[in-house]
Amino acid sequence: MSFVEFHRVSKTFGKTVAVEELNFAVEQGEFFSLLGPSGCGKTTTLRMLAGFLTPTTGRIKVHGRDITDLPPEARGIGIVFQNYAIFPHMNVYDNIAFGLIERGEKKAEIRRKVGEALEQVGLAGYESRFERELSGGQKQRVALARVLVVEPEILLLDEPLSALDKKMREEMKYWIKDIQKSVGISTIYVTHDQSEALTMSDRIAVMNAGRMLQIGTPVEIYENPVSRFIAEFIGDSNLLAGRILSMDGTACQIDLGGNAVVPSRIPSNAKVAVGDSIGLLLRPEVLRLTPSDEGETPYLSGEVIDEIYQGSLRRYRVRAGIHEVTAEIPNRPELARLEPGDKVDLYWNSESGAVVP
Amino acid sequence: MTTNRTGFPVRHYSSYRRQMKWLLVSPLLVFFLIFFVIPVGLLFASSFNPQIIGQVGFTSELTLDNYTRFFSRSNYMAAAGRSVLLAGVVSLITLIIAYPMAFVIAKTEHPGRNTFLLIIVLAAMQLDMVIRLYGMMVILGDNGLINQALRLVGLIQAETSVRLMYNFGGVVAGLVQFALPFMILTLVGVIRGIDPSLEEAARSLGAKRWRAFVRVILPASMPGILAGSLLVFALSISSYIVPALMGGFRVGVLPIHIFQQVAESARFQFGASIAFILFLLSAGAVLVYLHVGSRRSGGLA
């Protein structure tokens with residue numbers, strides 16, 4: 001039995017289907033992300049778990065207990081909103097004490113717990129500040145402290161970083177993950193930012209158009225995407241159209257057209273057969289570029305279209321027959337610098353390519 | 001103002017902007033000056049002239065006699081108290097009736113239904129006050145619908161009636177009816193501006209629906225409650241037509257006294273002094289509200 005379970009949960013608004021047939025489980029202590037473009041149903045899913053929306057069909061269970069019809073206040077689930085929802089008429093102390101007061105705790109106990117919570121989020125001394133006197137990052141800390149202080153079983157985070165500037169976002173990413181780990185609370189994190197999901201999550205569920213497309217660890221999602229949508233949504237990708245010529249266990253040969261036949265790996269979760277039209281996923285960082293005529297038979301050869309200098313690496317766009325691929329080459333002096341128009345050969349480790357159905 | 005080499009004055013952008021602003025508000029300023037500041041100023045000034053029946057204009061002869069008269073007569077002091085009490089009671093009752101309606105309108109997202117509800121609220125304002133008050137008399141009068149119904153079912157004897165108007169309660173009813181749309185519109189704007197995630201945050205922190213309302217929604221609507229009450233207070237304390245028609249001149253509030261002094265006795269100077277006192281009472285209420293508001297809502301008002 002898993003900690004949080006969704007059983008065939010669907011939600012419709014009038015004729016619009018927000019989410020359809022959601023089946024997934026979150027384990028105790030896990031950091032689980034719902035990742036997808038806006039309108040994919042990830043926030044609807046979160047709001048159903050929090051109790052702000054009732055599923056049209058299906059059941060939601062926590063600890064094996066059916067909570068589908070419980071009001072939000074009876075669920076023991078804490079939520080941090082995108083805009084933090086700090087109570088504007090209360091100072092930081094009263095905001096954090098809110099849930100403890102609702103639980104009828106004693107004054108001295110509240111004082112001690114609020115103090116500890118402020119310590120935990122690094123805001124000791126901010127007790128008497130009001131929302132308008134706090135920065136974005138501080139509001140976020142207050143929102144998190146306010147939730148954690150009541151010790152909920154599950155923590156929900158609804159795009160909590162999207163209102164922050166880039167530098168703050170990077171900082172808070174690690175901070176949230178650290179807090180989550182030290183408290184050990186089961187966390188469900190909603191985001192449209194794949195880099196946040198990859199960095200923070202134990203597992204990620206990729207959603208699109210109300211459906212859950214794939215659930216897996218960041219490595220699985222990034223390296224073995226089960227659909228082209230996921231391959232293109234997560235990270236940068238080259239997705240080359242091809243056809244499977246032969247298969248041998250997890251290895252296969254792929255016809256990329258124009259006499260190019262390359263080896264690849266078939267992820268265990270990919271259901272494909274010989275003769276299928278598939279996409280060959282090559283991440284820009286797995287490609288190796290060398291000037292042509294160095295003896296070895298290349299997988300693909302082509303011509304450099306342009307170079308984009310990015311400091312730590314250089315990005316080349318290369319036209320290879322009917323395909324256009326992007327390669328990221330580490331910016332190291334021993335790797336030859338290429339110019340637009342140069343003829344180049346492309347190599348990669350056959351294990352680092354993946355067949356996408 | 002500096003000049004450049006050709007001798008033409010150079011205007012700085014900021015000073016240009018400042019002049020532009022004055023230009024934009026000048027129609028209002030002119031209107032305000034001619035139709036409010038000057039007449040009201042003259043009226044207040046004349047309250048310091050000796051009382052001469054029939055004399056309207058301001059003279060250079062100054063005295064405090066009118067004010068001494070006001071504060072030495074208990075019936076005027078009682079009228080001032082009655083005015084404040086009336087405006088306070090009306091504000092409170094209007095708030096209690098208006099808040100639920102405003103809440104429903106603010107939470108109605110369907111555009112058609114929303115428009116419909118607002119039309120209901122505004123419909124009352126489409127008719128002139130006097131017409132609306134005569135409408136209320138048809139219901140509340142001694143031979144009005146309510147009294148007829150009571151006689152019909154035998155709760156009161158024939159030829160007798162229950163006093164529903166020409167008293168304090170009647171004036172309150174008339175003023176509440178008059179003030180409701182102002183209060184509702186003020187509240188709708190504020191309640192609609194409250195972030196819905198505040199209530200959700202309160203709920204998920206363990207607050208039941210009504211606790212979330214009392215601890216979060218109600219305090220967050222405080223700016224609207226204060227603004228609406230203030231508006232209704234000012235409208236009620238200065239209303240003449242409602243006490244006149246619904247009170248039948250039997251509820252002696254300050255505007256009634258002003259009317260009697262000016263229109264019936266041509267005592268312009270004394271009427272002016274009552275008017276000035278009424279103005280001070282209303283302005284005092286504003287100060288009290290602002291003070292309370294800045295404390296209660298953490299400076300949000």
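Using a 4.5 Å cut-off between heavy atoms, A:L156 does not touch chain B at all. For chain B, the nearby part of A:F52 is the side chain; its heavy atoms alone come within less than 4.5 Å. No part of A:R75 comes within reach of chain B, as not one of its non-hydrogen atoms sits under 4.5 angstrom from that chain. Of the atoms belonging to A:N83, it is side-chain heavy atoms, and not backbone ones, that fall under 4.5 Å from chain B. Contact annotation for A:I79: both backbone and side-chain heavy atoms come within less than 4.5 Å of a heavy atom of chain B. Both the backbone and the side chain of B:A202 come within contact range of chain A, judged by heavy atoms closer than 4.5 Å. Both the backbone and the side chain of A:R146 come within less than 4.5 Å of a heavy atom in chain B. At a 4.5 Å heavy-atom cutoff, the contact between B:R215 and chain A is made by backbone and side-chain atoms alike.
A salt bridge does not link B:R211 with A:E73: none of the charged nitrogens is closer than 4.0 Å to a carboxylate oxygen.
The most heavy-atom pairs under 4.5 Å with chain B, out of A:P71, A:G99, A:A143, A:A85, come from A:A85. Ranked by heavy-atom pairs shorter than 4.5 Å toward chain A, the options B:A212, B:P196, B:A201 are led by B:A201. For the options A:I86, A:I101, A:V147, A:V80, heavy-atom pairs under 4.5 Å to chain B are most numerous at A:I101.
The environment of B:F279 atom CZ is sparse: at most 12 non-hydrogen atoms of other residues, nucleotides or ligands sit within 6.0 angstrom. The environment of A:R59 atom CZ is dense: over 12 non-hydrogen atoms of other residues, nucleotides or ligands sit within 6.0 angstrom. Surrounding OH of B:Y240 are more than 12 heavy atoms belonging to other residues, nucleotides or ligands, all under 6.0 Å away. Residue B:K107 qualifies as enclosed at atom NZ: its count of foreign heavy atoms under 6.0 Å is above 12. Heavy atoms from other residues, nucleotides or ligands lying under 6.0 Å from NZ of B:K208 number 12 at most. Atom CZ of A:R103 has more than 12 neighbouring heavy atoms from other residues, nucleotides or ligands inside a 6.0 Å radius.
The distance from atom CD of A:E102 to atom CZ of B:R203, rounded to the nearest 0.5 Å, is 11.0 Å. Rounded to the nearest 0.5 angstrom, B:I217 CD1 and A:F87 CZ are separated by 9.0 Å.
B:L198 is listed as a side-chain neighbour of A:P88, based on a closest heavy-atom distance under 4.5 Å. Contact of the B:V216 side chain with the A:F98 side chain is registered, since non-hydrogen atoms from C-beta on lie closer than 4.5 Å.
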